[in-house]
Amino acid sequence: MTTTDRSIVDATTETSGDGVDLLKENLDRVEALSKRLVEVLAQRRPHNPGLDAPNHELFTRAAASYWASMVQNPTKLMADQVEYWGKTVKNFSQAQKLMSGQTLEDVDGQKETDRRFSNPMWQTHPYFRCIKQQYFINAQALREAVEATEELDGIDKQRLVYFADQIINMMAPPNFLATNPDALERAIETEGQSLISGLENLVADLEANQGELVIRLADETAFEVGENIATTPGQVVYRNRMMELIQFAPTTETVHETPIVLFPPWINKFYVLDLKEKNSMIKWVTDQGYTLFVASWANPDHTYADVQLEDYISDGYLKAVEVAKEICNVKQVNAVGYCIAGTTLGLTLALMKTRGDKSIKSATFFTTLTDFCNQGEFTPFLQNDFVDAIEAQIGTDGILPSHVMARTFSFLRSNDLIYGPAIRNYMLGETPPAFDLLFWNGDGTNLPGKMAVQYLRNLCQENHFADGGVKIFGETLHLRDVDLPLMSITCESDHIASWSQCYRGVQQMGGRSKQFVVSQSGHIAGIVNPVSRNKYGHYTGGDLKNDASQWMEAATFNEGSWWPTWEAWLKKRSGKQVPARALGNEAFPALLAAPGSYVKTRATPAIA
């Protein structure tokens with residue numbers, strides 16, 4: 001054992017006198033916090049247990065498949081067990097060698113690459129290293145057992161792999177105080193204050209969400225919407241039950257004749273595109289000489305229980321286009337849709353085609369899925385047992401609480417978005433960072449129940465838009481009906497809307513003028529990619545007649561943000577220059593300064 005390795009023991013034995021008294025005082029404060037913890041947990045509204053895990057039938061069939069293969073081939077079972085035992089014994093032996101004073105290099109020369117185990121004690125301290133190594137041994141054994149379940153079909157196998165990985169991530173040693181050297185060292189250094197602060201953070205998070213654990217990712221006191229975030233000047237020029245329509249102030253003397261109407265996803269709030277001036281896409285667009293309108297969606301409560309996609313289309317998309325046309329005195333606009341709002345823009349365009357409405361001149365889709373034949377990483381959550389549970393949960397008060405979707409997205413990156421922040425907040429007692437993007441990520445919205453189920457059933461599960469047509473307003477809408485000039489912006493490492501699956505949807509859209517772009521990075525960073533940062537490049541120019549992999553092989557890589565590439569394409573479809581427009585007009589006067597009022601409504605897990 002080295003001098004560094006003895007820090008926990010030495011610090012404990014040296015704590016005496018006033019230090020002991022302070023430690024006792026801190027630990028006594030736990031009682032008051034514990035009472036608050038019990039009280040807030042008593043207020044927690046129970047949710048449908050089907051939201052927590054797949055139907056038990058999946059695990060039952062997996063176990064039956066595993067044991068059936070073992071019965072047919074018992075020698076494999078014995079070989080697997082012997083291998084497991086051998087690795088475990090070797091791990092114990094190495095721990096013994098470390099205790100005798102040998103260094104890590106003397107044992108196996110292993111280098112650690114997993115960030116969760118960055119503390120040197122995971123390598124040099126016999127106790128922590130033994131626990132870490134056994135964790136990896138157990139994880140490998142579980143993954144191999146899952147892989148051995150040969151009788152499960154593709155989707156069930158994918159789900160089993162996913163949930164096995166969730167169990168593995170959850171049981172990682174750093175997630176527990178007794179096996180986290182960082183947390184133990186911090187507790188000793190602060191004489192227990194870090195644990196008190198961590199418990200205070202935990203209780204505060206529970207109290208803020210009526211007993212539901214929603215881990216804060218950012219310091220919420222560091223930002224105020226409209227003050228130091230979402231500050232691009234503009235005015236709300238129209239408001240109805242579904243949205244506030246914001247017209248942003250021009251920054252150039254002249255603007256393109258054809259305005260832009262942008263529809264952000266209503267799962268989150270629009271200001272992801274207007275975080276700070278230096279990374280605001282909204283400000284950048286106005287700086288390029290465009291009149292920009294953005295829909296700021298209402299944050300639904302129980303009074304929105306009956307709202308469906310039709311309401312978003314009629315009172316959102318169609319109304320926003322109508323208002324923008326009248327304010328700008330034009331016959332057409334260019335439309336943009338992001339994520340679910342892009343999917344719904346596709347539905348709107350197909351509907352407008354059936355009605356002979358040519359109010360939209362071109363469409364841009366940001367990370368938009370329109371063909372759901374491959375559900376990607378969301379496959380585990382888009383099966384009947386989960387959607388049935390969501391439908392049952394919605395039946396309680398007519399809405400899908402924001403934390404349900406937030407938790408689903410977070411579990412796709414559980415170590416980064418759940419366990420890592422929980423360790424920092426609750427074990428180390430740290431204040432979350434002042435990070436604008438994480439602040440936005442935590443400012444979620446509820447979803448109307450009927451709309452959520454309609455989207456999950458008709459589009460995600462049954463893929464009606466791409467396969468057979470989806471019924472909207474009594475019309476059967478097809479993906480091929482989207483036949484106007486379009487550009488699709490996707491992201492190379494997007495775990496929500498895979499670029500290759502977005503590509504399939506674009507291929508099936510009608511029309512001859514289609515452009516496809518793949519930005520580096522993920523669902524948010526790939527879109528919010530300011531020109532000034534010159535951080536992520538993008539791919540363009542492949543042949544849309546080929547499959548996705550062939551398109552990428554033939555594509556040209558371009559350094560820097562895709563924003564100028566899009567603007568060059570859009571400029572050709574935006575008409576002549578006209579004098580910069582005032583905000584609103586007599587029919588639609590300015591009502592309230594941007595960012596408006598709807599964006600400031602915070603979601604709560606339970607709505608009475």
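As the structure is a prediction and not an experimental result, all values here were calculated from the model.
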Backbone of P300 reached by a side-chain donor or acceptor of N446 within 3.5 Å: yes
Q461 vs N384, side-chain hydrogen bond (donor to acceptor under 3.5 Å, both in side chains): CA-CA, chis, key distance, verdict: CA-CA 9 Å; Q461 283 194 306; N384 281 329; 3.2 Å; yes
Parallel, tilted or perpendicular: ring planes of W297 versus W266, cut at 30 and 60 degrees: perpendicular
Beyond-backbone contact of D274 with M281, side-chain heavy atoms, under 4.5 angstrom: no
Under 3.5 Å donor-acceptor, Q507 side chain and N546 backbone: yes
Check against side-chain contact (heavy atoms from CB on, under 4.5 Å), M552 and F557: CA-CA 9 Å; M552 182 59 81; F557 178 74; over 6 Å; no
For H256, all residues meeting ring pair (Phe, Tyr, Trp, His ring centres under 6.0 Å), sequence neighbours excluded: Y290
Within-4.5 Å side-chain heavy-atom neighbours: I229 and E224: no
The single option from L217, I215, N425, L438 passing side-chain contact (heavy atoms from CB on, under 4.5 Å) against P432: N425
Q550 atom CD, over 12 foreign heavy atoms within 6.0 Å: yes
Any donor-acceptor N/O pair, S493 side chain to S521 backbone, under 3.5 Å: yes
Between NE2 on residue H464 and CG on residue L459, distance to nearest 0.5 Å: 8.5 Å
Side-chain H-bond candidate by donor/acceptor type, N268 with T445, under 3.5 Å: no
Any donor-acceptor pair under 3.5 Å from D481 side chain to H478 backbone: yes
Closest approach of D543 to W551 (non-hydrogen atoms, all atoms of both residues): N-CD1, 3.4 Å
Flag, side chain of N558 to backbone of T556, donor-acceptor distance under 3.5 Å: yes
Reported OG1-to-CZ distance for the pair T379 and F386, which is rounded to 0.5 angstrom: 12.5 Å
Value rounded to 0.5 Å, distance of NE2 in H523 from OG1 in T367: 4.0 Å
Qualifying residue, where the test is side-chain hydrogen bond (donor to acceptor under 3.5 Å, both in side chains) with S359 and the options are K325, K331, Q332: K325
side-chain contact (heavy atoms from CB on, under 4.5 Å) between W566 and Q515, intermediate numbers included: CA-CA 9 Å; W566 170 59; Q515 299 292 323; over 6 Å; no
Contacts of T408 that satisfy side-chain contact (heavy atoms from CB on, under 4.5 Å) - sequence neighbours left out: F378, F381
Main-chain N/O of F365 paired with T368 side-chain donor or acceptor, under 3.5 Å: no
Heavy-atom side-chain proximity of V237 to I327 below 4.5 angstrom: yes
Polar side chain donor-acceptor pair, Y271 to D443, under 3.5 angstrom: yes
Side-chain heavy-atom pair T291, F293 within 4.5 angstrom cut-off: yes
T565 vs H538, side-chain hydrogen bond (donor to acceptor under 3.5 Å, both in side chains): CA-CA, chis, key distance, verdict: CA-CA 9 Å; T565 298; H538 60 287; 2.8 Å; yes
Exercise: identify the closest heavy-atom pair between P250 and L583: CD-CD2, 4.1 Å
Candidate pair L292 and L262, rule side-chain contact (heavy atoms from CB on, under 4.5 Å), full reasoning: CA-CA 7 Å; L292 176 64; L262 191 154; 4.2 Å; yes
I246 to S296 - nearest heavy-atom pair and separation: CD1-CB, 4.1 Å
Distance-only donor-acceptor check, side chains K283 and T232, under 3.5 Å: no
What donor-acceptor contacts under 3.5 angstrom involve side-chain atoms of residues 314-324, with partners at least two apart or in another chain?
{"unit_1": "S314", "atom_1": "OG", "unit_2": "E310", "atom_2": "O", "d": "3.0"}
{"unit_1": "Y317", "atom_1": "OH", "unit_2": "A341", "atom_2": "O", "d": "2.6"}
{"unit_1": "K319", "atom_1": "NZ", "unit_2": "E322", "atom_2": "OE2", "d": "3.3"}

Student check: side-chain heavy atoms of V482 and L347 closer than 4.5 Å: no
Summary of salt bridge (Lys or Arg N to Asp or Glu O under 4.0 Å) pairs that have at least one residue in residues 405-419, sequence neighbours excluded: D52-R407, R115-D416, E377-R413
Results of side-chain contact (heavy atoms from CB on, under 4.5 Å) for D306 - residues two or more places apart only: K450
Donor-acceptor contact present, side-chain Q235 to main-chain A594, <3.5 Å: no
Contact check, side chains of T490 and F366, non-hydrogen atoms, under 4.5 Å: no
Donor-acceptor contact below 3.5 Å, side chain R581 vs main chain E257: yes
side-chain contact (heavy atoms from CB on, under 4.5 Å) between M352 and L477, worked out: CA-CA 10 Å; M352 294 173 78; L477 308 180; over 6 Å; no
Check: Q454 side chain, Q308 main-chain N or O, donor-acceptor pair, under 3.5 Å: no
Where at least one partner belongs to residues 334-351, residue pairs that pass side-chain hydrogen bond (donor to acceptor under 3.5 Å, both in side chains), sequence neighbours excluded: N334-S362, N334-S574
Shortest non-hydrogen contact between A350 and F465, atoms and distance: CB-CE1, 4.2 Å
side-chain hydrogen bond (donor to acceptor under 3.5 Å, both in side chains) contacts in which one or both residues fall within residues 524-534, not counting sequence neighbours: none
Set of residues satisfying side-chain contact (heavy atoms from CB on, under 4.5 Å) with respect to N374, sequence neighbours excluded: Q501
Ring pair (Phe, Tyr, Trp, His ring centres under 6.0 Å) involving F439 - partner list, sequence neighbours excluded: F223
W562 to G526 - nearest heavy-atom pair and separation: NE1-O, 2.9 Å
Residue pair Q166 / S414, side-chain heavy-atom distance below 4.5 Å: yes
Salt bridge (Lys or Arg N to Asp or Glu O under 4.0 Å) contacts touching residues 234-243 (sequence neighbours left out): R239-E244
Summary of salt bridge (Lys or Arg N to Asp or Glu O under 4.0 Å) pairs that have at least one residue in residues 345-367, sequence neighbours excluded: K353-D483
Exercise: identify the closest heavy-atom pair between T251 and T286: OG1-O, 3.1 Å
R457 bridged to D388 by N-O distance under 4.0 Å: yes
Salt bridge (Lys or Arg N to Asp or Glu O under 4.0 Å) contacts in which one or both residues fall within residues 491-517, not counting sequence neighbours: D371-R504
Check: A406 main-chain N/O paired with S410 side-chain donor or acceptor under 3.5 Å: yes
